[in-house]
Amino acid sequence: GEHSPTLQVVSITKCQVGEAGCVSLGKVPLRRLQLRDLDMVNDQHIQALIESVSKTLEEFQLEGVSNVEGDCLVALSKCAKLSSLELVSVYVSDQVLKEIFVNKTFVLSSLVLQSIYKATEQGMLYAAQGSLRARSLCLGAMDYMSDISFITGFMTSCMDIQTIELYGLYKLTSDSFATLARNLTRLRSFKAGNMRLATIEAGLLDLPRWCPHLRVLHLPGCHGSFSDPLAAVVKILREAANLKELYLPTCDLSRATESSFEGLGPCQLEVLNMDNSRITSPALIALLKTVPQLRTLSLKDCPVTDACLADMPATQPFLECLSLEYCRQITDAGLMHVGGLSRLHTLRCPPSVPSGPVLVSVMARAPCLRRLTINLDTHMQPAWIYILEKYPETLIVH
């Protein structure tokens, strides 16, 4: 309270904070306030707190507060400096969303709305109306949101968006993504999870062509696959000239050959995630030759062989982080090639446990390597004890 006049940021999670705590916090000129999983506060407590800090509050997050019905959030409309708002797993009606966003005094640059219960598509239209200047948008787990509210609300109004994340919006179709691609020409980062790829594929694959500034494309946890995964990957790599990060886990590229990636690159990718993907060793070697600027490569549970690792020192001179978890075909002989990656600082080892001397040999050739993830099975004890004794101060072992 009054004993902390310089306190500006408070984050409270799963604490026994109630009315008295809210009153004390209201005496502090807070700029950032995060309230998560609190059981002892209600609408009146939070409303009084928001009103008390309304002149200074810039960022507000409310998540999973069970006793709050959402009426207290109307007070946010009076927070003139508010630029970032995050509401997750809360009960907020359309009327409350209208009073927050239509009667607002703030200008949002970042908006997160996930699992907003009691609201409908009309509430999302109100939220879009109050977020016209937003540069970052995250929407998730709202099964009532369809193309109507997404296109009419956000995609034709919020034209300054540079970062967008969409999760679990099953009713969206390719129409939404086609509109997104054509309207958000400043888009730099796109992430989608728990979506049906077959439904959104056409619009999604238009993103690199229509969004010349796109740097990040993440598709984790999407259901199903592209109708033609190989053609989709080739299209993305060919058209996304400025793409820096690509997450395409669980991608079936089993029919790819060495010639499938001819004519591509060199691409500007720095991060590539292909966890749980199916691809042959010759095709993977050919693919990696098109992305020589990689800093991070994740091949968790991919059919990587020793031959793939043999080429890496030549094709990946800038690689800093490599994940080979669950790559069961790799042997000690293959892992030795990793030592040729002079900039490597993080290695997630395959489950075929390397011996202590092999790891030490790898580390001696890769002087920057300081973080290992290894399987600490009982038969691994001699190896990791050897490593810890050899590098007692500088090595981090998980």
Side-chain angles (χ1 to χ4, degrees), residues 208 217-219 225-226 228-241 243-352 354 358-359 361-362 365-366 368-369 373:
L217 180 59
H218 287 206
L219 299 174
S225 63
F226 293 111
D228 187 340
L230 177 57
V233 171
V234 171
K235 179 181 175 66
I236 291 171
L237 292 176
R238 178 177 291 118
E239 296 184 355
L243 199 64
K244 298 294 186 181
E245 296 184 21
L246 178 60
Y247 279 55
L248 281 176
T250 319
C251 198
D252 186 2
L253 301 176
S254 55
R255 69 180 185 87
T257 65
E258 292 180 80
S259 61
S260 298
F261 304 103
E262 287 182 355
L264 290 179
C267 302
Q268 302 301 311
L269 277 183
E270 296 181 0
V271 178
L272 177 61
N273 184 306
M274 296 185 63
D275 290 350
N276 305 296
S277 294
R278 306 274 72 84
I279 185 170
T280 66
S281 289
L284 179 58
I285 292 172
L287 172 61
L288 292 179
K289 288 180 179 178
T290 69
V291 285
Q293 304 295 324
L294 285 183
R295 264 62 173 180
T296 298
L297 174 62
S298 185
L299 298 171
K300 180 179 178 180
D301 199 16
C302 291
V304 181
T305 65
D306 292 351
C308 299
L309 299 182
D311 271 15
M312 276 193 185
T315 61
Q316 303 301 323
F318 304 106
L319 198 63
E320 299 173 353
C321 182
L322 175 63
S323 176
L324 299 172
E325 294 176 284
Y326 304 106
C327 297
R328 295 173 175 81
Q329 300 181 43
I330 296 176
T331 68
D332 278 0
L335 198 63
M336 288 290 289
H337 296 296
V338 173
L341 299 169
S342 60
R343 299 194 182 190
L344 192 71
H345 61 67
T346 299
L347 172 63
R348 300 181 183 276
C349 293
S352 50
V358 167
L359 281 179
S361 177
V362 169
R365 296 177 59 210
C368 297
L369 184 57
T373 298

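The basis for the numbers below is simple: all heavy atoms, side chains too, and nothing from hydrogens, waters or symmetry mates. Predicted model, so just to flag it, every value in this text is computed and none were measured. In this chain, residues are counted from 1 in sequence order.
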Could you measure the distance from the CE atom of Met274 to the CG atom of Leu284? Nearest 0.5 Å is fine.
6.5 Å

Can you pull the salt bridge (Lys or Arg N to Asp or Glu O under 4.0 Å) pairs that have at least one residue in residues 302-311, sequence neighbours excluded?
none

Between Pro313 and Leu309, the two heavy atoms sitting closest are CD-O, 3.4 Å

Answer whether the closest heavy-atom distance between the side chains of Leu319 and Leu297 falls below 4.5 Å.
yes

Looking only at non-hydrogen atoms, find the nearest pair between Asp252 and Pro229 and report the distance.
O-CB, 3.3 Å

How far apart are the C-alpha atoms of Val271 and Tyr247, what are their side-chain angles, what is the distance that settles it, and do they pass the side chain to side chain contact (heavy atoms under 4.5 Å, CB included) test?
CA-CA 8 Å; Val271 178; Tyr247 279 55; 3.6 Å; yes

Any idea which heavy atoms bring Ala366 and Leu341 closest together, and the distance?
CB-O, 3.7 Å

With sequence neighbours excluded, what pairs up with Asp228 under the salt bridge (charged side-chain N to carboxylate O under 4.0 Å, His left out) test?
Arg255

Value for OG1 (Thr346) from CG (Leu322), rounded to nearest 0.5 Å, stands at 10.0 Å

Output for pair (Leu269 CG, Thr296 OG1), nearest 0.5 Å, gives 11.5 Å

Would you indicate whether the side-chain heavy atoms of Leu335 and Pro350 approach each other to under 4.5 Å?
yes

Atom pairs and distances, donor-acceptor, side-chain atoms in residues 259-266, under 3.5 Å, two or more places apart:
unit_1 : atom_1 : unit_2 : atom_2 : d
Ser259 : OG     : Thr257 : OG1    : 3.0
Ser260 : OG     : Thr257 : N      : 2.8
Ser260 : OG     : Thr257 : O      : 3.3
Ser260 : OG     : Thr257 : OG1    : 3.3

Write down the atom of Thr250, the atom of Ser277, and the distance for their closest heavy-atom approach.
N-OG, 3.5 Å

What residues, two or more places apart in sequence or in another chain, satisfy salt bridge (charged side-chain N to carboxylate O under 4.0 Å, His left out) together with Arg295?
none

Rounded to the nearest 0.5 Å, what separation is found between the CG atom of Leu288 and the SG atom of Cys308?
7.5 Å

Measure the shortest side-chain to side-chain distance between Leu246 and Leu243 over non-hydrogen atoms and say whether it is less than 4.5 angstrom.
yes

Should Cys251 and Val233 be marked as a side chain to side chain contact (heavy atoms under 4.5 Å, CB included) after you check the CA-CA gap, both sets of side-chain angles, and the distance that decides it?
CA-CA 9 Å; Cys251 198; Val233 171; 3.9 Å; yes

Just wondering, do Leu237 and Leu287 contact through their side chains at under 4.5 Å, heavy atoms?
yes

Residue pair Thr305, Gln329: steps toward the side chain to side chain contact (heavy atoms under 4.5 Å, CB included) verdict:
CA-CA 5 Å; Thr305 65; Gln329 300 181 43; 3.3 Å; yes

Can you measure from CG (Leu294) to OG (Ser298) and round to the nearest 0.5 angstrom?
11.5 Å

Using every non-hydrogen atom in the two residues, find where Leu299 and Met312 come nearest and quote the distance to one decimal.
CD1-CE, 4.1 Å

Can you tell me how far the SG atom of Cys302 sits from the CD atom of Glu325, to the nearest 0.5 Å?
11.5 Å

ring-ring contact (aromatic ring centres under 6.0 Å, His included) contacts touching residues 295-326 (sequence neighbours left out):
none

Verify side chain to side chain contact (heavy atoms under 4.5 Å, CB included) between Ile279 and Val304, making sure each step is shown before the conclusion.
CA-CA 8 Å; Ile279 185 170; Val304 181; over 6 Å; no

Among pairs that include at least one residue of residues 263-276, which meet salt bridge (Lys or Arg N to Asp or Glu O under 4.0 Å), considering only residues two or more places apart or in two chains?
Lys244-Glu270

Closest approach of Cys267 and Gln293, non-hydrogen atoms and distance?
O-CG, 4.0 Å

Exam field: side chain Arg365 to backbone Met336, donor-acceptor pair closer than 3.5 Å
yes

